[in-house]
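Contents: one structure, followed by commentary.
Here is the naming used below: chain letters follow the sequence lines, and residue numbers restart at 1 for every chain. Just so you know, these numbers use all the heavy atoms, side chains as well, and skip hydrogens, waters and symmetry mates.
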Protein chains: 2
Amino acid sequence: MSIETDIKQTAFRNPYHRLLVNIMFTSNWIGDGQMQILKPHGVTLQQYNVLRILRGQYPNPVKVSDITERMLDKMSNASRLVDKLLLKQLAERTECPSDRRAVDVVITQKGLDLLKMLDDCQSGWEDGLKERLSEEEAVTISLLLDKLRKGCDL
Amino acid sequence: MSIETDIKQTAFRNPYHRLLVNIMFTSNWIGDGQMQILKPHGVTLQQYNVLRILRGQYPNPVKVSDITERMLDKMSNASRLVDKLLLKQLAERTECPSDRRAVDVVITQKGLDLLKMLDDCQSGWEDGLKERLSEEEAVTISLLLDKLRKGCDL
DNA sequence: TTACATTAAATGTAACAACAGTTAATCAAA
DNA sequence: TTTGATTAACTGTTGTTACATTTAATGTAA
């Protein structure tokens, strides 16, 4: 379905305008899809992202400031996000020995187990994409999006 | 700059995974850019979108339910968004004569003037894109994104 | 060592969003 | 016409997010 039909708007100013709207719409569409997967397991998209960052460094700890840096949408609340993970016992927090201002965060076994399960759900969802888009097409879009953002340091 | 550098992650599971992250990251990047433009003028991205929907039908009124349908991210708060526009006198609200449950919303002259100015700012921002991406490339991405979402009725 | 600037994390706040539930108008069937 | 279902908008609640500020630890220069 074309983006015009999706959002019931017939006229875009130009191909660039159409592209911008299309990217944001598609992003929301993806986010919604992911959210449907995550919600039954009691984690939000943001918490899921943090968990994956933690797993990426496991078994090494990750500082809160590192998490903030790596989050897709830069936001100031990595602290509170980690709080939520602690409550669910998906992560642990310890004072960093080399810098007592910093806090080391590590994913727990429970967190790793949850991620494993979520990854499977996620893969199932991604399989739907593979029927509609070839691997080459996926690469093409990624390259073009990189080009779109070129020279913009985050 | 490639998406790997942007988010400091070296490994994606596959091109599809990379694409999903890239789309969401790029969407945030665009949203941030737009927000920077809008903030000095006291409107949020959502309010700006509503204003453009209203202008699209001007001088005809738009019902709150129509606004909800056309919003990029379907959300239940079109009511409260319209409230904000009323406070700033960017829109007016009248009871729909043919259905007293419904509410007709119309953009004001002040709203049209503001949109005009914002469009100019926006165009300036879009010009940056034109230097990095050809029109054909913009069209290509849009078509591929449509294909990605194909068969998904919002 | 003291003073000052910088950094990391946490917190207070106000605005915003998601979701459920309410109210009121309309429609449709008995 | 009355009853019940549906629809449109609004509201209440809860959790999030952005932004600014605070607290504490570290680095640096006098």
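- Residue-to-nucleotide contacts include no donor-acceptor pair under 3.5 Å from the side chain of A:Arg100 to the base of D:dG27.
- Between A:Gln46 and D:dT17 there is a side-chain N or O to OP1 or OP2 distance below 4.0 Å.
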Test side-chain contact (heavy atoms from CB on, under 4.5 Å) applied to B:Val64 and B:Val105, step by step: CA-CA 7 Å; B:Val64 174; B:Val105 184; 4.2 Å; yes
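- A straight line from CG of B:Asp32 to C1' of D:dC19 spans 14 Å, rounded to a whole angstrom.
- Looking only at atom types and distance, the side chain of B:Asp113 has a donor-acceptor partner in the side chain of B:Gln109 under 3.5 Å away.
- Checked by atom type, the side-chain pair A:Asn22/A:Thr26 shows a donor-acceptor distance below 3.5 Å.
- Each of A:Asp104 and A:Arg80 has a nearest nucleotide on DNA chain C; the 5'-most of these lies closest to A:Asp104.
- In terms of modelled atom types and a separation under 3.5 Å, the side chain of A:Thr108 and the main chain of A:Gln89 share a donor-acceptor contact.
- The distance from atom CG of A:Leu45 to atom P of D:dG15 is 19 Å, rounded to the nearest whole Å.
- Although no hydrogens or angles enter the test, the distance criterion places a donor-acceptor pair under 3.5 Å between the side chain of A:Thr140 and the main chain of A:Glu136.
- Spacing between atom CG of B:Asp99 and atom C1' of C:dC27 amounts to 10 Å, rounded to whole angstrom units.
- Judged purely by distance below 3.5 Å, without hydrogens or angles, the side chains of B:Lys84 and B:Gln46 never pair a donor atom with an acceptor atom.
- Across the strands present, D:dA30 finds its partner in C:dT1; the criterion is a Watson-Crick or G-U wobble pair with both atom distances under 3.5 angstrom.
- For residues 50-65 of chain A, proximity to DNA chain D is found at no residue, defined as any non-hydrogen atom under 4.0 angstrom from a strand atom.
- Judged by distance alone, with hydrogens and angles left aside, A:Arg101 brings a side-chain donor or acceptor within reach of the base of C:dT7, the pair sitting under 3.5 Å.
- We find that CG of A:Leu87 is positioned 11 Å from P of D:dT16, with the value rounded to whole Å.
- One atom, CG of A:Leu81, and another, C1' of C:dA9, lie 14 Å apart when rounded to the nearest Å.
- Note on B:Arg93: a side-chain N or O is less than 4.0 Å away from OP1 or OP2 of D:dC10.
- What separates NZ of B:Lys39 from C1' of D:dA20 is a distance of 12 Å, to the nearest Å.
- Ring orientation note: the planes of A:Trp125 and A:Trp29 are tilted relative to one another, at an angle of 30° to 60°.
- Here C:dA17 is the nucleotide among D:dC10, C:dA17, C:dA25 with the atom lying nearest to any side-chain atom of B:Asn77.
- With DNA chain D read from its 5' end, the first of the two nearest nucleotides for B:Val103 and A:Thr44 is the one closest to B:Val103.
- A:Leu54 CG to A:Leu90 CG: the interatomic distance, rounded to the nearest 0.5 Å, is 10.0 Å.
- As a whole-Å value, the separation of A:Met35 CE from C:dA17 P is 14 Å.
- Here B:Lys84 reaches the OP1 or OP2 of C:dC16: one of its side-chain N or O atoms lies under 4.0 Å away.
- To the nearest angstrom, C1' of C:dA9 lies 11 Å from CD1 of A:Ile67.
- At the heavy-atom level, A:Asp83 lies nowhere under 4.0 Å from the strands shown.
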